[in-house]
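These notes concern the structure reproduced below.
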Amino acid sequence: MKAIVCKQFGPPSALVFEELDDLTPKENEVIVQVKACGVNFPDTLIIQGLYQFKPELPFTPGSDIAGIVKEVGANITHVKSGDEVFGFVMHGGYAEEVAVPGNACFKKPPMMDFPIAASFMMAYGTSYHALKDRADLQSGETLLVLGASGGVGLAAVELGKLMGAKVIAAASNDQKLQLCEAYGADEIINYTDKDLKLKIKELTNGKGVDVIYDPVGGEYSEMAIRGMAWEGRYLVVGFAAGSIPKIPLNLALLKGCSIVGVFWGSFAVKTPKKNMQNTMELMQWHAEGKLKPHIHKIYPLEDSSSALKAMINREVKGKIVIQCS
């Protein structure tokens, strides 16, 4: 099989496109012939050795996959050879084959094509876990989404609306914000030319926002918290800006607010039943036409480095996908 291989930590240009041995499943694994793999911001960190964990070198990046079951392990009964599936792996998705843990491999709904299926799990799984399980977002509350035009951000905008919140989308340019409005944002903030705290206060009549969804980090995190309502919840999702903010803890005291970590990958592994329930709920919403990832561009497997460069350069609105076979 052909795959993208990271042999040394570094930029996307250091990745190698080469042939590897075909895979054989362990007893709790499913070997999937990959048709598409979603590109996520953590992929850009993993190849540089900057993510929360570092795989042993060499490894293949890529987490969100969709494809056709080639072979199953001895303990797998819920899918079989030939089934169309989607799933999640810690790494290995930028390849023609991948071994997926059985509890992270799901039958793909017939109406969901492979690029959409490969764009679904991490973005919607992360955002739904954040809003439902970590923030306990309630109908009528106000949700601020930073980096709202990205994959997880746009999913949070959609889900926030479905859950009955008033959604304020913040992004770095007006073109990105137009997409957020199309996905249901009630209000928008271009935080490159507005004072974020003051704009939040203006849009909430001085009250502040109840929940902040932050996959960006950097300079805007503290400003957002300063615009938070009493007993608000600030969700730490990621650091796409490249820097991890240092938040003055007196803000949590003064606002009676919570700073809450969101790590969907660990949640999915540690509590698979809860994750399965969330996934089924998301699948139902998709079947009803209420959720649909925005596909920015599809790249061939051999050009994966260009996809990662586009992600690093913040050129992407919604999701980009690697087409593997």
Side-chain angles (χ1 to χ4, degrees), residues 38-41 63-64 66 86 88 106 108-109 111-113 115-191 203 209-216 224 233 235 237-238 240 262 264 267-268 275 277-297 311 316-321:
V39 179
N40 297 292
F41 188 77
S63 298
D64 262 339
F86 67 101
F88 178 81
F106 309 90
K108 180 180 73 63
M111 76 292 293
M112 182 184 278
D113 64 25
I116 291 291
S119 302
F120 206 84
M121 280 293 285
M122 180 170 277
Y124 288 93
T126 296
S127 295
Y128 195 38
H129 169 54
L131 299 178
K132 175 189 175 185
D133 303 316
R134 303 299 286 151
D136 190 26
L137 180 68
Q138 299 296 305
S139 179
E141 290 191 313
T142 302
L143 167 67
L144 170 68
V145 182
L146 304 182
S149 66
V152 294
L154 209 55
V157 170
E158 274 189 291
L159 287 165
K161 285 300 294 180
L162 274 175
M163 296 168 76
K166 175 184 177 181
V167 178
I168 302 172
S172 60
N173 65 53
D174 292 341
Q175 187 181 25
K176 291 179 178 179
L177 289 168
Q178 286 174 1
L179 179 62
C180 297
E181 288 184 307
Y183 269 67
D186 297 289
E187 304 284 357
I188 56 173
I189 301 174
N190 182 334
Y191 45 47
L203 293 176
V209 292
D210 299 296
V211 176
I212 296 170
Y213 181 98
D214 186 4
V216 180
R233 289 87 76 200
L235 298 170
V237 182
V262 179
W264 174 74
F267 164 77
N275 184 58
Q277 178 61 39
N278 285 359
T279 301
M280 294 302 101
E281 291 170 9
L282 291 169
M283 288 294 99
Q284 182 62 37
W285 275 332
H286 176 270
E288 294 170 358
K290 296 176 180 177
L291 298 176
K292 185 177 181 181
H294 174 78
I295 305 297
H296 180 87
K297 187 174 180 179
M311 182 70 75
V316 179
K317 298 188 293 292
K319 298 287 293 187
I320 51 177
V321 177

Going by the rule side chain to side chain contact (heavy atoms under 4.5 Å, CB included), which residues pair with Glu187 if we only count those two or more places apart in sequence or in a different chain?
Lys166, Ile168, Leu203
Can you list the residues that meet the side chain to side chain contact (heavy atoms under 4.5 Å, CB included) rule with Ala66, with sequence neighbours excluded?
Phe86, Phe114, Ala117, Ala118
Qualifying residues under side chain to side chain donor-acceptor pair (under 3.5 Å), relative to [X], sequence neighbours excluded:
X	value
Asp136	Gln138
Thr279	none
Glu281	Tyr128, Lys132, Gln277
Asp174	Asn190

Atom pair [atom1]/[atom2] of [X] and [Y] - distance to nearest 0.5 Å:
X	Y	atom1	atom2	result
Ile116	His294	CD1	NE2	10.0 Å
Ser127	Leu235	OG	CG	9.5 Å
Ile188	Leu179	CD1	CG	11.5 Å
His296	Ile320	NE2	CD1	7.0 Å
Lys108	Met283	NZ	CE	10.5 Å
Tyr213	Leu143	OH	CG	9.5 Å

Do [X] and [Y] have side chains that get closer than 4.5 Å, going by heavy atoms?
X	Y	result
Asp214	Val237	no
Asp186	Lys161	yes
Leu159	Trp285	yes

For residues 129-172, which residue pairs qualify under ring-ring contact (aromatic ring centres under 6.0 Å, His included), counting only residues two or more places apart or in two chains?
His129-Phe267
Please collect all ring-ring contact (aromatic ring centres under 6.0 Å, His included) contacts where either partner lies in residues 134-191, sequence neighbours excluded, each pair once.
Tyr191-Tyr220
Residue pair [X] / [Y]: nearest heavy atoms and the distance that separates them:
X	Y	result
Leu137	Arg233	CA-NH2, 4.0 Å
Ala171	Lys176	CB-CB, 4.1 Å
Ala224	Leu146	CB-CD1, 4.2 Å
Gly318	Val316	O-CG1, 3.6 Å
Ala170	Leu144	CB-CD1, 4.2 Å
Pro115	Ser119	O-OG, 2.7 Å

Output, in order, the C-alpha distance, side-chain angles, deciding distance and verdict of side-chain contact (heavy atoms from CB on, under 4.5 Å) for Asp210 and Thr142.
CA-CA 5 Å; Asp210 299 296; Thr142 302; 3.9 Å; yes
Could you give me the CA-CA distance, side-chain angles and deciding distance for Leu162 and Leu291, then say whether side-chain contact (heavy atoms from CB on, under 4.5 Å) is met?
CA-CA 9 Å; Leu162 274 175; Leu291 298 176; 3.5 Å; yes
Name all residues meeting the salt bridge (charged side-chain N to carboxylate O under 4.0 Å, His left out) criterion together with Asp64; count only those two or more places apart in sequence or in a different chain, and write none if there are none.
none
Salt bridge (charged side-chain N to carboxylate O under 4.0 Å, His left out) partners of Lys317, counting only residues at least two apart:
none
Using a cut-off of 6.0 Å, state whether more than 12 heavy atoms not belonging to Gln175 lie near its atom CD.
no
Please list, chain by chain and in numerical order, all residues satisfying ring pair (Phe, Tyr, Trp, His ring centres under 6.0 Å) with His286, sequence neighbours excluded.
Phe120
Apply side-chain contact (heavy atoms from CB on, under 4.5 Å) to the pair Asn40 and Lys319, showing each step before the final yes or no.
CA-CA 8 Å; Asn40 297 292; Lys319 298 287 293 187; 2.4 Å; yes
For residues 148-158, dump all side-chain donor-acceptor pairs below 3.5 Å to protein atoms at least two apart in sequence or in another chain.
residue	atom	partner	partner atom	Å
Glu158	OE1	Tyr124	OH	2.3
Glu158	OE2	Lys292	N	3.2

